[in-house]
Amino acid sequence: MDKGKAVMGTGRRWAVDFSDQSTVPSTRDILDPPGFSRASPEQDDSATSRQKKDAEANWKLQKAWEVAQSPFKNLMMMGFMMWMAGNTVHLFSIGITFSALWQPLSALQSVGKIFEPFKDNKVELLMPKLVFLALNLGGLALGIWKLNTLGLLPTHASDWVSSLPPPQEIEHSGGGYVFH
Amino acid sequence: MAMAIRVCLLLLVFLSSAIVSFSLYEDQVGLMDWHQRYIGKVKHAVFHTQKTGRKRVIVSTEENVVASLDLRHGEIFWRHVLGTKDAIDGVDIALGKYVITLSSQGSMLRAWNLPDGQMVWETSLHSAQSSKSLLSVPINLKADKDYPILVFGGGYLHAVSAIDGEVLWKKDFTAEGFEVQRVLQPPESSVIYVLGFLHSSEAVVYQIDSKTGEVVAQKSMVFPGGFSGEISSVSSDKVVVLDSTRSILVTIGFLDGDISFHKTPISDLVEDSGNAEILSPLLSDMLAVKVSKRTMFVRVGGEGKLEVVDSLSDETAMSDSLPVADDQVAFASVHHEGSKIHLMVKLVDDLDTVLLRESIQMDQHRGRVHKVFINNYIKTDRSNGFRALIVMEDHSLLLLQQGAIVWSREEGLASVTDVTTAELPVEKDGVSVAKVEHTLVDWLKGHVLKLKGSLLLASPEDVAAIQEMRMQSSGRSKLTRDHNGFRKLFIALTRAGKLFALHTGDGRIVWSMLLNSPSKSEACERPSGISLYQWQVPHHHAMDENPSVLVVGRCGSDSSAPGVLSLVDVYTGKEISSSDIGHSVVQVMPLPFTDSTEQRLHLIADTEGHVHLYPKTSEALSIFQREFQNVYWYTVEGDDGIIRGHAMKSSCAGETADEYCFTTRELWTVVFPSESEKIISTLTRKPNEVVHTQAKVSTDQDVLYKYVSRNLLFVATVSPKGAGEIGSVTPEESALVVYLIDTITGRILHRLSHQGCQGPVHAVFSENWVVYHYFNLRAHKYEVTVVEIYDQSRAENKNVWKLVLGKHNLTAPISSYSRPEMFTKSQSYFFAQSVKTIAVTSTAKGITSKQLLIGTIGDQILALDKRFVDPRRTLNPSQAEKEEGIIPLTDSLPIIPQSYITHSLKVEGLRGIVTAPAKLESTTHVFAYGVDLFYTRLAPSKTYDSLTDDFSYALLLITIVALVAAIYITWVISEKRELSEKWR
């Protein structure tokens with residue numbers, strides 16, 4: 001496909017098509033068959049276009065909902081992966097946890113972009129967006145929960161005191177056995 | 001499936017946290033470590049210079065070593081270190097092939113094969129009482145194809161076969177209390193004369209048949225004045241002794257069994273009579289007497305008449321007499337003159353005939369000559385040549401021959417008493433040694449060689465080259481500080497009062513210095529060194545000052561003798577200052593304060609209970625007065641079982657005008673009941689130990705706060721009955737009690753009693769834990785117990801938000817008077833080995849996990865991870881605990897052969913282990929001393945903060961270059977292909 005594009009784009013500047021044009025209906029040399037009204041589709045235009053737009057809106061809404069619900073599948077997948085990874089800190093579990101944190105974050109950042117194709121005056125996108133947000137936040141929470149179960153969140157007292165140096169002593173003493 | 005993955009992952013985790021063993025590869029031996037073999041100060045020396053075979057000298061030393069040295073180079077052919085209680089009394093050569101040693105006060109007789117030092121036989125002789133002992137190997141005494149060796153010790157006279165060590169006969173003298181002084185053997189006679197004293201006042205001569213041990217004749221005669229014990233045999237039928245007042249020389253003649261006394265007052269011989277002393281050398285018909293610093297040669301005439309032949313005013317060392325050709329007997333004397341020593345060999349008969357006169361330049365820091373042993377050889381022109389083995393004041397051993405020092409051995413290092421570390425000078429800018437040493441080509445060559453080695457392509461020559469390069473390229477013996485702190489100096493104080501600076505890289509002596517007394521009075525020319533402290537360690541301020549160490553010495557052995565302080569520059573080895581401090585020294589306390597030039601303040605306590613502040617500057621005084629109320633000291637009186645605590649009271653200006661002197665008052669005493677407890681060991685933390693954190697986090701994220709205090713004293717006591725040897729008491733009679741005592745308040749923080757256990761206790765105290773080793777009489781095994789101390793009063797600090805906001809008192813200074821609530825956790829394990837000493841690794845920041853360094857009875861050092869002595873060990877640790885590295889509890893501690901850091905070497909007579917941090921956090925220096933010295937570098941958690949020496953930089957470089965090239969090539973190829981695609 002790439003190749004073809006390259007050919008179209010840069011290869012040929014012009015072309016003369018000598019092939020038979022008989023299949024193209026736009027030529028008026030041949031008469032329309034009896035009963036064929038060329039005007040009829042243009043007459044129905046407004047009604048069908050409305051129908052079409054409704055269908056499109058519906059379809060868009062449907063698609064938006066689909067998109068909004070897509071993180072749920074992800075969520076399940078992540079949950080499974082996390083369970084697989086276990087509760088010890090190593091490369092696998094860290095990778096999974098960070099991807100679990102990164103995915104919702106990047107999704108949340110690009111909420112507008114994701115729902116842009118479905119933007120329409122008639123389509124109410126708020127609910128799908130909210131669901132999308134909620135699901136992604138859920139994913140984020142899952143990631144954070146996982147981070148916590150791995151013990152990587154400073155939620156314990158031990159995380160704050162482990163590098164405290166021992167306190168200074170006020171008194172000093174020395175001595176021991178007498179030199180012999 | 002998931003289970004399988006989890007199992008796999010767990011396995012991975014386990015492998016990564018598996019117990020690390022610290023074994024070396026064979027080619028790594030000697031890269032970081034060095035080992036030096038010594039023998040100690042020589043007591044006796046016997047030359048063995050027959051025409052055939054290698055020339056050697058057999059020596060016995062004060063460190064209870066018997067050794068055979070190469071006379072050509074001074075190397076050790078073989079060496080045996082007898083136990084500390086097995087002091088050697090005499091050494092001789094029998095039958096021309098056996099070295100005979102008598103030890104343990106005449107109760108152990110051993111024969112060693114002369115060429116290789118293997119033991120031929122050993123005979124334990126019966127001994128009833130302790131007495132002086134005597135070894136006599138008669139040269140031409142023969143009894144029934146056997147050559148008896150005569151040994152007196154413990155009240156018995158034994159004749160022992162030289163061939164197999166069998167006791168031929170023995171004579172019991174215990175009943176009379178007879179002390180044998182001399183065994184003399186008239187030539188060509190089977191009767192031996194045994195001369196001795198009865199109750200130091202009666203001279204007795206036994207004539208004993210050397211074949212059967214029967215007494216042929218006995219004569220005795222009472223001398224009213226009594227003898228002092230020193231004896232000099234001048235001929236085969238005469239001896240000279242001093243009487244008990246040391247003013248009369250008594251000649252005892254015992255020819256034909258008759259005893260005759262002949263008294264000569266010393267005042268008749270010399271005018272200035274004083275306490276006389278008979279010098280040990282045996283000279284025929286002649287004796288050397290030392291009277292008030294003069295050495296006199298006194299000839300013994302026919303009827304016991306004495307006359308002074310010669311006298312030497314200087315302090316002179318003399319050798320035993322040595323038969324030279326033509327029935328002549330010679331002896332050597334050595335005396336000092338300026339920086340030279342003069343060696344003279346004279347004939348005994350004719351003191352004017354000097355066979356040899358040599359003067360040799362001698363290092364001032366070797367002190368005086370203590371002992372001389374001579375040996376003769378026949379030169380090519382058939383005249384007599386002499387070689388002299390001399391022992392100097394600093395215990396060094398030198399061989400003199402033909403007016404030069406052939407070789408020397410620094411035997412002072414066999415008796416190291418105290419060790420400290422010091423930094424080397426910083427490398428000067430502009431003169432980068434590395435650049436001078438290595439050109440780029442050399443560097444590349446080296447790395448190519450290393451690469452070959454790591455790819456197993458190296459030939460044996462290459463391997464040797466790599467080994468040599470490793471030794472050199474590491475620059476480990478340079479005299480400058482390195483980035484990782486691997487190069488350092490160990491400053492060692494020896495029993496002789498000499499200071500040595502040893503380089504950690506190769507163990508060579510950078511400088512050495514004999515302590516001098518500034519006053520040079522008669523009583524104290526050479527003070528004995530007691531201990532060593534770091535006086536000045538510049539690192540923040542005063543960088544241009546050289547670091548220095550403080551040597552505390554004492555004039556004389558008495559504890560009330562005046563002390564001597566000496567400051568020694570570490571870079572140069574020169575004495576900066578030396579002073580008689582005018583008071584006694586019973587304790588030295590380095591204080592945790594330094595002045596503006598980073599000189600550490602020290603308090604020195606004297607016998608009168610006063611303390612003196614050093615350095616004596618007003619700045620130090622003002623610093624000390626600021627902290628006056630917070631300085632305490634304690635004394636342990638081991639014999640009385642009392643520990644006393646003192647506080648500073650006031651300046652002792654009322655008594656003396658010294659404003660640096662302070663009086664003290666007694667604050668508290670801890671008295672152990674003398675009928676049930678006797679102090680056998682006390683221990684504190686090392687004052688310079690760095691602790692990284694006060695919290696210990698357990699598996700369930702719980703925090704325990706360590707009770708880290710410098711003012712804790714560990715005391716171990718045993719019941720007085722159990723203070724003796726192991727096994728001398730029943731388990732019911734013996735108990736071991738350990739205490740943890742706060743030395744500020746005298747409060748006993750913890751007490752732990754072990755019933756049925758016994759010392760000796762070897763302990764190590766670090767951070768908040770003590771590990772100690774003792775003997776369990778019930779189990780008949782050694783045990784190791786660990787006690788960890790935690791602070792209960794800080795345990796409430798659990799609120800995360802308070803900690804986040806910093807609203808806690810965990811870093812506030814604490815006082816011992818605030819009644820610390822503490823609890824301990826402890827656990828005991830069996831340990832298969834008996835222990836000589838225990839130390840612990842120390843690192844720069846205290847982050848790296850610790851290892852115990854256990855000096856075993858086999859004179860090796862075992863590194864044991866602290867994780868093995870962790871009271872949290874349980875039989876079945878949970879998954880989380882296992883992941884944290886807690887080892888399942890076993891009843892005994894494992895001894896993994898690979899974790900001996902001394903690998904195949906032995907540090908004979910191991911006495912102490914010193915650890916010092918390197919700059920690199922993972923690494924610690926370990927220095928062990930005994931008769932031998934051993935040094936190595938350890939990384940208890942492996943070198944996690946640096947690449948190892950054998951890391952192949954070349955391989956890394958090549959990989960990077962190859963990758964870059966590959967990227968470029970593939971890029972070019974892809975461009976080309978794209979172009980061709982477009983043209984298609």
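Fair warning: this is a prediction, and the values are worked out from it, not measured in the lab. Chain letters run A, B, ... following the sequence lines, proteins first, then strands; residues in each count from 1.
The shortest heavy-atom contact between A/Val161 and B/Thr693 is O-OG1, 3.8 Å.
Here OG of A/Ser173 is found 11.5 Å from CZ of B/Arg710. Values are rounded to the nearest 0.5 Å. Atom CD in B/Glu627 sits 9.5 Å away from atom CD1 in A/Ile170 (nearest 0.5 Å).
Heavy atoms from other residues, nucleotides or ligands lying under 6.0 Å from CZ of B/Phe628 number more than 12. The environment of A/Phe72 atom CZ is sparse: at most 12 non-hydrogen atoms of other residues, nucleotides or ligands sit within 6.0 angstrom. Within 6.0 Å of atom CG in A/Leu126, more than 12 heavy atoms from other residues, nucleotides or ligands are found, so the atom counts as buried in its surroundings.
Side-chain contact between A/Pro167 and B/Thr811 is absent, with no heavy atoms from C-beta onward closer than 4.5 Å. Taking the side chain as every heavy atom from C-beta outward, B/Gln587 and A/Tyr177 never approach each other to under 4.5 Å. Side-chain atoms of A/Pro166 and B/Lys706, non-hydrogen and from C-beta on, never get closer than 4.5 Å to each other.
Interface remark: B/Tyr707 contributes no atoms to any contact with chain A (heavy atom separation under 4.5 Å). When heavy atoms are compared at a cutoff of 4.5 Å, B/Val585 approaches chain A by way of both its backbone and its side chain. With a 4.5 angstrom heavy-atom cutoff, B/Glu767 does not touch chain A via any of its atoms. Both the backbone and the side chain of B/Val588 have a heavy atom closer than 4.5 Å to some heavy atom of chain A. Proximity to chain A (any heavy atom under 4.5 Å) is shown, for B/Ile643, by neither the backbone nor the side chain. Residue contact with chain A, scored on non-hydrogen atoms closer than 4.5 Å, is absent for B/Arg644.
When each of B/Pro592, B/Ala695, B/Pro590 is scored by its heavy-atom pairs under 4.5 Å with chain A, the top score falls to B/Pro592. Ranked by non-hydrogen atom pairs under 4.5 Å with chain A, the options B/Val697, B/Leu591, B/Val636 are led by B/Val636. The residue among B/Val703, B/Val586, B/Thr684 with the most heavy atom pairs within less than 4.5 Å of chain A is B/Val586.
Side-chain N or O atoms of A/Glu171 include one that pairs as donor or acceptor with a backbone N or O of B/Ser816 at under 3.5 Å.
Side-chain polar atoms of A/Glu169 and B/Ser709 form a donor-acceptor pair below 3.5 angstrom.
Residues satisfying the salt bridge (charged side-chain N to carboxylate O under 4.0 Å, His left out) criterion with B/Glu978, sequence neighbours excluded, are B/Lys982.
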